[in-house]
Amino acid sequence: MSAFDYVWIWRHRTVGPPYPVSAPVKVAWFGDGVDRAGRRCRVLAAGSRNSVLIEFEDGYRVVTSRRGLRRAG
């Protein structure tokens, strides 16, 4: 396996109802509720439509968009 050469940069996403009944809510990007912005990760596999399987240093794996990644420098 390769080293953790990437950094996850997306912090949160905004969700809300399709109509303005209440204010939108900001939630963590991944379903486990942990904010992983700024954490190192590695790409395990690349798929179609700009999707990648990434693994964080804590072992959490997720399929997501490549746009959320930056090279660690």
Side-chain angles (χ1 to χ4, degrees):
M1 287 281 180
S2 64
F4 293 90
D5 295 334
Y6 293 91
V7 175
W8 180 255
I9 61 163
W10 287 349
R11 179 158 301 283
H12 52 73
R13 58 190 168 130
T14 304
V15 296
Y19 46 88
V21 172
S22 63
V25 178
K26 291 183 178 178
V27 296
W29 190 261
F30 301 117
D32 64 345
V34 177
D35 182 16
R36 289 188 165 83
R39 296 206 185 165
R40 296 178 72 97
C41 60
R42 63 181 167 193
V43 173
L44 300 177
S48 62
R49 295 184 172 224
N50 210 27
S51 62
V52 289
L53 171 64
I54 60 173
E55 180 182 28
F56 290 93
E57 291 176 316
D58 63 358
Y60 184 73
R61 291 182 179 189
V62 65
V63 175
T64 187
S65 172
R66 187 178 287 274
R67 293 179 184 222
L69 300 175
R70 297 293 181 267
R71 285 248 181 221

Angle between ring planes, Trp8 versus Phe30, binned at 30° and 60°: parallel, tilted or perpendicular? tilted
Given the options Arg61, Arg39, Arg40, Phe56 meets side chain to side chain contact (heavy atoms under 4.5 Å, CB included) only with Arg39
Would you list the atom pairs, donor with acceptor, under 3.5 Å between side chains in residues 64-73 and any protein atom, with sequence neighbours excluded?
| unit_1 | atom_1 | unit_2 | atom_2 | d |
| --- | --- | --- | --- | --- |
| Ser65 | OG | Arg67 | N | 3.1 |
| Arg70 | NH1 | Arg67 | O | 2.9 |
| Arg71 | NH2 | Tyr6 | OH | 3.2 |

Any donor-acceptor N/O pair, Arg13 side chain to Trp29 backbone, under 3.5 Å: yes
Qualifying residue, where the test is side chain to side chain contact (heavy atoms under 4.5 Å, CB included) with Val62 and the options are Ile54, Leu53, Val52: Ile54
Testing the basics here: between Ser51 and Val63, what is the closest heavy-atom pair and its distance to 0.1 Å? CB-CG1, 4.3 Å
Pairs in or reaching into residues 23-37: which pass salt bridge (Lys or Arg N to Asp or Glu O under 4.0 Å), with residues at least two apart or in two chains? Arg11-Asp35, Asp32-Arg36, Arg36-Asp58
